[in-house]
Number of protein chains: 2
Amino acid sequence: MPLPIKISEETFTPRQQAVLTAALDLLVENGDGLTMTAVARRASCSKETLYKWFGDRDGLLTATVQWQAAKVRMPHVDRSHLSAKVLRESLEQFARDLLTTIIGEVSITLNRTAITHAAQEKDSLGNIVLENGPMAIRRRLKPILEAARDARLLRFNSSEDAYRIFFGLVVRDVQIRLLLGDKSLTQSNVEANIEVDVKAATDQFLALHGAKANT
Amino acid sequence: MPLPIKISEETFTPRQQAVLTAALDLLVENGDGLTMTAVARRASCSKETLYKWFGDRDGLLTATVQWQAAKVRMPHVDRSHLSAKVLRESLEQFARDLLTTIIGEVSITLNRTAITHAAQEKDSLGNIVLENGPMAIRRRLKPILEAARDARLLRFNSSEDAYRIFFGLVVRDVQIRLLLGDKSLTQSNVEANIEVDVKAATDQFLALHGAKANT
DNA sequence: GCGGAACCGTACCGTACGGTACGCCTGCGG
DNA sequence: CCGCAGGCGTACCGTACGGTACGGTTCCGC
């Protein structure tokens, strides 16, 4: 029973959401130690119920990832009143949300799980994470970039390229290092520098693509 | 039996390397379908031998990752004759090597394996990949950046920051998308654009940190 | 109060796989 | 020719876990 790519709102009953929460907690705690027995015990439900609701282990995993991934909220920017100031603030907000998200335990766990899954010819989890992560940001950011270009606040040829540059400037090596378990990048460590990094990335992006840029 | 972080050269006999090759092939083909039985069959050796040589499954995995990761070679740059042209070419070479590496099947497999491993309180594989990937690049790149700053070819405050910006500009969202199994990023797809991306990333980096940059 | 649906808890089954034991072959030093 | 070390192949064991079955309990509609 393949779940839909898009989760609207009440795809799951409260009880089911409690189960998914338990599953996610286990995932965050134990890495992939997500066994059906453990979830059942944690959620105080029977394995039979799990199988009835989610089909099999993969279904439970998919539902969990999907449900959590959909929780990521993007900032909403008013495109009609774009000024240099508003643009900068919007970019900073995007950078801040992006950084805050990727350094979170939940995001790390979800990405790890999806990557593990992708290592087995199964791309469903990867697609969900992609769709709710990078692609969601892209969908939100590109219109803003294009509006800013129309307003002569930015210069670039391809909004796709511009988005990817922004992504790179914000994320850099932070995500891959966290995914690989780099001990020298503690969450608090990165967290403390978020504002600095956000500002730096925005400055750099504007230096490259701002109206006054010579590129 | 923890293996040393650094592999010099003949840590493994040719026969052992054949086994590791088989293990890596299985890893690339089957994702994590690396079972001891499969490796033994592929390498035409007995499981008992595997355990004698590598201790346990983790040891075999570690040896495989370590052995392969150490094969990544970094470009060597002559720091004494830095000119704007040499610097640009060096940066492009770094970008090219970095991109070429991360889009390779082997790199994707190794990173996925290490990330899966990191999802279970085990950071050994992650450390190996980090050490031979991002950190190796950093070690090589930073001296060059600093030399270029001394030669007034670059401007920046922190060479650490400069390295990370370069990394971000080169890698962007390519690696995470590949790790997540993004179908719209085929290897040939990315490969065809390497030269364009390399040039773009270098241009952008120099625009930000080149001597004439206003930042 | 009653029947049934949903669900909990637990016992159970089958399998896959990590790890071990053993029999056999080969090559080599004496 | 003998003994033995190294290694191959295979059979075997124990366990963990996915998936199923079933008895008992709660809750809801009637």
Side-chain angles (χ1 to χ4, degrees), chain A residues 1-3 10-65 109 112-114 116-117 119-122 124-125, chain B residues 1-3 10-65 112-113 116-117 119-122 124-125:
Chain A
M1 56 184 71
L3 293 165
E10 280 313 326
T11 317
F12 302 109
T13 69
R15 181 74 182 104
Q16 285 173 335
Q17 293 185 29
V19 171
L20 294 179
T21 302
L24 184 73
D25 288 349
L26 280 174
L27 220 49
V28 171
E29 291 172 23
N30 256 341
D32 70 338
L34 182 95
T35 73
M36 300 302 275
T37 307
V39 173
R41 185 152 41 221
R42 174 74 65 105
S44 292
C45 72
S46 74
K47 282 169 67 175
E48 197 169 17
T49 303
L50 291 185
Y51 284 103
K52 179 189 282 188
W53 285 349
F54 304 105
D56 57 4
R57 185 176 182 279
D58 244 44
L60 173 60
L61 217 52
T62 305
T64 306
V65 171
T109 300
R112 279 180 178 161
T113 306
T116 300
H117 216 243
Q120 315 166 358
E121 305 111 73
K122 306 183 177 181
S124 58
L125 290 194
Chain B
M1 56 183 70
L3 294 165
E10 280 313 327
T11 317
F12 302 110
T13 69
R15 182 74 181 102
Q16 286 173 334
Q17 293 186 29
V19 171
L20 294 178
T21 302
L24 185 73
D25 289 349
L26 280 174
L27 221 50
V28 171
E29 292 171 22
N30 256 342
D32 71 339
L34 182 96
T35 72
M36 300 304 272
T37 308
V39 174
R41 186 152 38 221
R42 176 71 66 102
S44 292
C45 73
S46 74
K47 281 170 67 176
E48 198 168 17
T49 303
L50 291 184
Y51 284 102
K52 181 188 283 189
W53 285 350
F54 304 105
D56 57 3
R57 185 177 182 279
D58 246 41
L60 173 59
L61 216 51
T62 305
T64 305
V65 171
R112 280 180 178 162
T113 306
T116 300
H117 216 243
Q120 316 166 357
E121 305 111 74
K122 306 181 178 182
S124 59
L125 291 194

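Keep in mind the model is a prediction, meaning the values are calculated, not measured. Numbered from 1 within each chain, the chains take letters A, B, ... in sequence-line order.
- Under the rule for a side chain to side chain donor-acceptor pair (under 3.5 Å), B:Ser124 has no partner lying at least two apart in sequence or in another chain.
- Between the side chain of A:Gln120 and the main chain of B:Gly31, no donor-acceptor pair closer than 3.5 Å is present.
- As rounded to whole Å, 13 Å separates atom C1' of D:dA21 from atom NZ of A:Lys52.
- The shortest distance between the side-chain N/O atoms of B:Thr49 and the OP1/OP2 oxygens of D:dC8 is below 4.0 Å.
- Residues forming a side chain to side chain donor-acceptor pair (under 3.5 Å) with A:Thr116 (at least two apart in sequence, or on another chain): B:Thr116.
- At the heavy-atom level, B:Arg15 lies under 4.0 Å from the strands shown only through sugar-phosphate atoms.
- Not a single side chain to side chain donor-acceptor pair (under 3.5 Å) links B:Glu48 to another residue, sequence neighbours left out.
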Requested in this report: Give the C-alpha distance, both sets of side-chain angles, the deciding distance and a yes or no for side chain to side chain contact (heavy atoms under 4.5 Å, CB included) between B:Phe54 and B:Leu20.
Outcome: CA-CA 10 Å; B:Phe54 304 105; B:Leu20 294 178; 3.8 Å; yes
List, with names and distances, any nitrogen or oxygen atoms from the protein found under 3.5 Å away from nitrogen or oxygen atoms belonging to nucleotides 16-20 of chain C.
unit_1	atom_1	unit_2	atom_2	d
C:dG18	OP1	B:Arg57	NE	2.9
C:dG18	OP2	B:Met36	N	3.0
C:dG19	OP2	B:Arg57	N	2.9
C:dG19	N7	B:Lys47	NZ	2.9
C:dG19	O6	B:Lys47	NZ	2.5

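- Within the structure, a side-chain polar atom (N or O) of A:Trp53 is placed less than 4.0 Å from OP1 or OP2 of C:dC7.
- Across B:Arg15 and B:Ala43, no two heavy atoms sit closer than the pair NH2-O, 3.0 Å.
- Under the side chain to side chain donor-acceptor pair (under 3.5 Å) criterion, A:Arg42 pairs with A:Glu29, not counting sequence neighbours.
- Against DNA chain D, the stretch residues 18-30 of chain A makes no heavy-atom approach under 4.0 Å.
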Requested in this report: Run the numbers on B:Leu34 and B:Arg57 for side chain to side chain contact (heavy atoms under 4.5 Å, CB included), then give the verdict.
Outcome: CA-CA 9 Å; B:Leu34 182 96; B:Arg57 185 177 182 279; 4.2 Å; yes
